[in-house]
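Indexing begins at 1, ligand by ligand and atom by atom, following the structure's order.
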Amino acid sequence: MFPATDRRTVLKSGAVLAGLSLGGAGALAQQPSDRVEQLIARMTPEEKAGQLSSFSDQIRPIGKPFNPGLTAGGIAEQLQRVRAGQVGMLFNGVGYAGAKAAQDAAMQTRLKIPLIFAADVIHGLRTAYPLPIAEACAFDPDLAERTARAAALESTALGIHWTFAPMVDVARDQRWGRVAEGSGEDPYLGIMLAKARVRGFQGANLKDPTRVAACAKHFAAYGAVSAGMDYNQTEISRPTLHEVHLAPFQACVDAGVATLMSAFNDIDGVPASGNKWLMTDLLRGEWSFKGMVIGDYTADEELIAHGYAADGRDAALKAFNAGMDMTIQSDLFNRHLPDLVAKGEVSAARLDEAVRRVLRLKEQVGLFDDPYRSISRRAERSSVATPAMLKLSREAGARSIVLLKNDNNLLPLRKNPGRIALIGPFGDDRDNVVGTWAFMADRELNVSIAQGLAARKLDVTTVKGSDVLEPIAGGIEAAVAAARAADVVLLAIGESQIMSGEAQSRTDIVVPAPQMALAEAVAATGKPVVVLLRHGRALALHGAVANAPAILATWFLGSRAGESIADVLFGDVNPSAKLSASFPHESGQQPYFYNHKRTGRPAPDTGSQEYKARYRETRNEALYPFGHGLSYTRFAIEGVTVPARMTDRMEVTATVRNTGARAGDEVVQLYIHDVVASHTRPVRELKGFQRVSLAPGQAKRVSFTLVRDDLRFWGEEGWVVEAGLFHLWVAASSTGGERQQFELA
Ligand code: BGC
């Protein structure tokens, strides 16, 4: 799917992908080796079930258990289970020593089938890179590929063969805490970044000992949980399911992703993790996926709570027969598959198929050649948190910062800006730097904003002023005093890192009240305020925060956040990121996404709004829409040429000019709208983007290629492309640009 659009963007953006084929696609297409078949022929049903079972690593745990129910067992029991052949994979353990012990135990089993080690390496491991929703703002597949590649390098140095990433759920409700892990609200951007990450993790050959198998998750439509509440039901139309939620998964399959993880939610009333249409008919039948599917954490067992299975045996039966090949943590496959096969409820062929997929994954990553692959004391010392990784973290962080607002060019600050008051709970904080799903990150690598500024020898007074959720006695008074004495205030406020991520849904996506009180008091001093937002989701900004002259969306930027922020504050890096998720005016606008459908009563920009699609209390548009992001220079997009008619393909060109005084990058975005169609179509849809670097005064011509498939949608019976009028914009955001048009023949 979307092969032409992908090729176009990659080539035109000049991304350096030479030598990186679409990772692993070739390897996955090959037939299982004799070695795998010979093993399957010798395995007992119990040994087969063992290969399909995985557990959270107790032998080299990462510290605080992330998921529920992890305290059972302990090292001795887990090693014993490995020796008994009841474990195919261990996950979320790190480091040489424990990995060696666990693999030694696997080598003592009858058939000596090695363990595979997996982990949630979502945006780095010891070295953290920007949270995916933040990194998506860079609109830069090449950057996403580089950070994934670096994460693979570090993971393999720490005894990990397989990452549970990329998370490719398109998320359009910022109340959902897991928006943090994905690429935002747009499927096209999500597809581009998903494919880049698969390439970055897997490379061309999974046997390369510095590469990891990737896992596209959560299959599927987890991003559509109702009301933004984690684990909730979904209500999705078929067109939206295919166009928005499934599209990034199919793109990953086409890019050769080795594995998929099934989701917690239901689709049309059937839980994804027990959904045969999803995991077998669509995935295997229509998409021809050859890799393996792992269920999310206890997702098979959760079929009982869903009311879709009666008990553990029934849950194992339904999940397994629907297409889940491996289970995490529930142990239901060990417990029930042998009996289910003996009684004929699960076919022997289905059991062998799942085992074949798991063993083939182990073979692909080279474990049958070397069970101790990636288990190296030397690599653990030399390839973790290297200077190159830390440099990349700093660079990626700066490239992910979105300049939302910059009245009177308050930013960048002069190199010698006078006295700075750094105010807020995140000014001098190293515990809320990397964000969610980086629980294995090394805190010692974290750079706070205060540290980032300290490296520049400035006159900085740091005052906390407020905790994240609670006021501090005397905090506001101290902050106001510091602001009064300062020439400029940096206000570091927002969400702590526990406020986004799994199970961290919010009803009100605002800066918490005590911090708002702090912001109001500081603003009242009249001093120029630069808001440095910290957040794992798009927020609804109000009052003194929304009205501050300068606002930087700094998300959770990874280990070197403080350096990245300082680089942008002082103009060493000219911000060029664009929002991957719209900032609404109010929480009540959620779910909010720029590419919403038209209605029969659209609210006009001017004139009466009576009986129109709108709210009483707020405007319809976003405060800052998808694709928005300013620079310290200015750009003009001019001379857009669009052919009057398109048959199979067409070129759209435009000139981008840097009309300001600094060098900078503009992300030029191409949007379309299908004016009349047999199904209602979004008001705009992103179909291409290019990052252009321009010196002051310089202009460049950019060119986009559109092919018919870019204009398709899900109709009554599947994908259709309908002739007729289309609108088109080449723009600097999802609301900008001059409307053009063309006719599709
Ligand atoms: C999450 C997955 C994760 C798994 C293993 C689950 O709770 O939904 O994204 O990969 O745990 O840690």
Centre-to-centre under 6.0 Å for F139 and F626, is that the case here? yes

Close-contact set for ligand 1 against K217 heavy atoms, below 4.0 Å: 2 (C), 3 (C), 9 (O), 10 (O)

According to side chain to side chain donor-acceptor pair (under 3.5 Å), who are the partners of Y222, at least two apart in sequence or on a separate chain? R178, D230

Does any N/O atom on E181 come nearer than 3.5 Å to any N/O atom on ligand 1? no

Just heavy atoms, cut-off under 4.0 Å: does E502 contact ligand 1 by side chain, backbone, both, or neither? side chain

Salt bridge check: are E154 and R126 linked by an N-O gap of less than 4.0 Å? no

Using 4.0 Å as the upper bound for N to carboxylate O, is an ion pair formed by D173 and R175? yes

M167 to ligand 1, any heavy atom closer than 4.0 Å: no

Under 4.0 Å to a heavy atom of F264 - the qualifying atoms of ligand 1, by number: 7 (O), 8 (O)

Does any N or O of ligand 1 fall below 3.5 Å from an N or O anywhere on W437, backbone included? no

Looking at N92, which atoms of ligand 1 are within less than 4.0 Å of one of its heavy atoms? 12 (O)

Between S582 and E185, do the side chains contain an N or O donor and an N or O acceptor separated by less than 3.5 Å? yes

Are any of the N/O atoms on D120, whether in the backbone or the side chain, positioned under 3.5 angstrom from an N/O atom of ligand 1? yes

Basic-acidic side-chain contact under 4.0 Å: R356, E353: no

What are the atoms of ligand 1, with element, lying closer than 4.0 Å to any heavy atom of F91? 5 (C), 12 (O)

Ligand 1 atoms nearer than 4.0 angstrom to some heavy atom of Y297 are 6 (C), 7 (O), 11 (O)

A student checking ligand 1 against M261 at a 4.0 Å heavy-atom cut-off should list atoms 2 (C), 10 (O)

What do you reckon, does Y222 have a nitrogen or oxygen under 3.5 Å from a nitrogen or oxygen of ligand 1? no

For the side-chain hydrogen bond (donor to acceptor under 3.5 Å, both in side chains) test, which of N321, T280, D325 pairs with R350? D325

Could you give me the CA-CA distance, side-chain angles and deciding distance for T259 and W162, then say whether side-chain hydrogen bond (donor to acceptor under 3.5 Å, both in side chains) is met? CA-CA 9 Å; T259 69; W162 176 17; 2.9 Å; yes

Between N205 and D208, is any side-chain donor less than 3.5 angstrom from a side-chain acceptor? no

Proximal ligand 1 atoms for F164, defined as those under 4.0 Å from one of its heavy atoms: 10 (O)

